[in-house]
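Notes follow once the structure below has been shown.
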Amino acid sequence: MLEFTEGNATARVTLFVEVVLPLAISKTYTYRVPNGWNADIAVGKRVIVQFGKNKVYSAIIYRVTDRPPELYEAKYILDLLDDSPIVDDVQLRLWDWISMYYLCALGEVMQAALPAALKLASETKIVAATGSSATDRSALNDKEYLILDALDISSELKVSDIVKLLGQKTVFPLLKKLFDKGLILISEEILPKYKPKMKVFIGLHDDYADDLGRKLLLDSLGNAPKQQDAVLAYIQLSRQYPKVPKADIMEASGCSSAIMAALVEKGIFTVEERAVSRLDGEDVEIAGDFTFNDAQSKAFDKIKGQFATKDVVLLHGVTASGKTQLYIRLIEEAVANGSNVLYLLPEIALTTQITERLRLHFGNKLGVYHSRFNDNERAEVWHKVLNNEYSVVVGARSAVFLPFRALGLVVVDEEHETSYKQFDPAPRYHARDTAIYLGHIHGAKVLLGSATPAIESYYNARAGKYGLVELKQRFGNSRLPEIVTVNISEESRKGTMLSYFSGTLLQEMEHALDQQQQVILFQNRRGHTPLLQCKTCGYIAKCIHCDVSLTYHKSSRKLHCHYCGFSEDPIQVCPACGSTHIESKGFGTERVEEELETLLPNARIARLDLDSTRGKHGFDRVLNAFDEQRYDILVGTQMVAKGLDFGKVSVIGIINADGLINYPDFRAYERAFSLLAQVSGRAGRRNSNGKVIVQSYAPSHRIIQQVIENDYEGMFMTEVTERKHYAYPPFFRLFKIDVKHKEQQAVYDAAQRLAASLREGLGQRVYGPEAPLVGRVRNHYIYSILLKVERAGISITKVKELVKVTLLYFEANKANKGVRVQVDVDPY
DNA sequence: AGCACGCCGACT
DNA sequence: GTCGGCGTGCTC
């Protein structure tokens, strides 16, 4: 370790800092510390640095050294923003891990980790140089004149303002010319965005502290009734709060701010401005007790037992078994031991309910953090976590980045939820896996909880990597809705099927509608017809890129590829044999909707799938309309499970469960099953007479029936794994690589070589590549290269190393000139 | 991520 | 002949 204390010999050393810039650059950059700043420099503090020609960023100090860089002259740090570090060593280790594991730049992790308010906004400002006179301007062209004219009116302009002013994009050369001529100054202004919310509190002067003093005071204000009212309001309110907000007094007494000011002037009221929380419900009483039932007590002891030897425990507890109470007890214990606790939830919508419940137990020691909060609020939570003011933090995905001081426990609720994975901007991290690593560096225990564990977690638990605790007994009287299985084959024989609906389902739906109740129908396919086949020669309309069948969409009257987005006009004539006998096979949500319209003409039907929810708030709009009962029936894909609880739903129909259990992708199957559990769990919780109707064909019908009879949650997966009902190797890892290139052939070559290289390291367990076209930007084609790797026995670290090595090889080999590869490795 | 430099085609 | 598009490379 280096010593940088002032006063001894080392104080004279010139320090250099490596910083992380909030950009997608893989390197760190080294800057020079100005003289005399050494004592204030520390890892995790923010500095302002110039990067490139005229850009200024706030960066995080990543490392401190006294070795000057050899190959270049380091620029100076422009400013130091923090008195104490805003991220600690543990976090930087987490950032390192994320950038390694998810193959992204450290700066991208920083972008995701820090709330925007802590990242500072840099805005280039243009001001007129002093002393530039009118005579200087005669030699200028129109544009230059325009800029200076505008600067006369408003003292400073942003670069973006000048872009608007001139109506052209490239203003930098122009500004540079003006700058060189000494007519303008380009200044970089850093504006800290985070401002704590201030509130004015009123106190009473010490002279009036006791009852006598107050009486005298009130008497003395006899000829100022309004002021008297204000003082009375203060006395009243001060019984409730130690400090009384000014606004509350004004509201209670109906006084204006002039009257308040008069009282302050007289020295009766004292004023104090304090930073207050922007978050509500800070002062809630800690209450709400409960006792465990037998099953819960056992599970609780078992979890603690498992934690003795394992860092991660999977709690597999059926719906309504009281998992939350187990979490609360565990959290209480951890807090009692002086630890921080992180409680992760997959969705913001769920935080409110759980927060209410946890607030009863932890009061204002509970923090909430998610992306719907604005910057100020997020920065505030960040600072409070940093100052260790919260014992427990409830949050969505991004909460794993908070600067915990002494993390002792992480609870990942609904750990199977796919929304824990961030997809679009890098870092493409999975919050559950990141939380496990976070727990690891903190030496904290991690509890994963779910009624329907993710396949990989379940596998890890059964393989002994995680502990496994099961909680099968339901809590109290809560029960699941009645589940009715319908054998479609049988009903077909009897002739009671009407279109895709069994007599049983139709009856239940009609009954529900009669009672002003609602219905949800689940169909795991979007579009109208998923397969068009020539009856004469067997030709199937397929995507020209992806080799998957094209789905007919009624709404667009086109055939669509659900894989890459390709679309074309529907075929009327078979391109292979010229026959006009084109057969429609299968059905999607659009078709279900269409059939319903004829079967139940009076019902109001809404559709919830990727197509009906296009647009900004499409999803919420459909769900809200359904919740407000503007529709009777909701037909949808797995999206329907993402909705909130609907009080009026009494019937849930799974139109065809075969599609779920025979699905060739194990994860899709698992997801669909979990959906069944969730949807029915919801119906049961809110509507005790709810019914779930599961339709399926004869062979799978028996399995479905059996599983449901055996308390279906989570069991299905075990059943299938053990019975080898499933024809494919069960575990896969998936690689998705975006490649930009003008020439399509080079992309295939790149994919082939990547696959070949992986195969070299992993044997024949690499399948692919498939390289469907996923989009086009100008003359760039963007492909997604998919490689499936059989999961068993391969460590993800090894796979990633290989991918990295291969990519380096690409970069080094200029035969691939122009191929840009972006990698997203999924840790499944 | 920006931004500059440099190379090509299409215009006053 | 110059303007401006895009490909490429660099930023401490």
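Just so we're on the same page: letters track the sequence lines, and every chain starts at 1.
- Remark: P of B/dA1 and CD of A/Gln111 are 9 Å apart, rounded to the nearest angstrom.
- Going from atom CZ of A/Arg63 over to atom C1' of C/dC12 covers 15 Å, rounded to whole Å.
- Residue A/Tyr31 is classed as a sugar-phosphate contact, given heavy-atom separations below 4.0 Å to backbone atoms only.
- In this structure, A/Tyr62 contributes its side chain and A/Leu92 its backbone to no donor-acceptor pair below 3.5 Å.
- Residues that satisfy the side-chain contact (heavy atoms from CB on, under 4.5 Å) test with A/Asn387, not counting sequence neighbours, are A/Glu389.
- Between A/Tyr57 and B/dG2, a side-chain N or O to OP1/OP2 separation shorter than 4.0 Å is present.
- Taking atom CD1 on A/Ile25 and atom P on C/dC10, their separation rounds to 13 Å, with Å as the unit.
- Evaluation of the side-chain contact (heavy atoms from CB on, under 4.5 Å) rule for A/Ala113 yields A/Trp95, A/Phe401 as partners, not counting sequence neighbours.
- Atom-to-atom, CD of A/Glu73 to C1' of C/dT11 comes out at 16 Å; the value is rounded to the nearest Å.
- A straight line from NZ of A/Lys27 to P of C/dG9 spans 13 Å, rounded to a whole angstrom.
- No engagement by A/Leu21 is indicated, since no non-hydrogen atom pair under 4.0 Å with the nucleic acid exists.
- Geometrically, A/Arg397 does not engage A/Tyr420 in a cation-pi contact, judged by NZ or CZ lying under 6.0 Å from the ring centre and within 45° of the ring axis.
- When the C1' atom of B/dA1 is taken as reference, atom CD of A/Gln50 falls 16 Å away, rounded to whole Å.
- Spacing between atom NZ of A/Lys75 and atom P of C/dT11 amounts to 9 Å, rounded to whole angstrom units.
- Atom OH in A/Tyr72 sits roughly 9 Å away from atom P in C/dC12 (whole-Å rounding).
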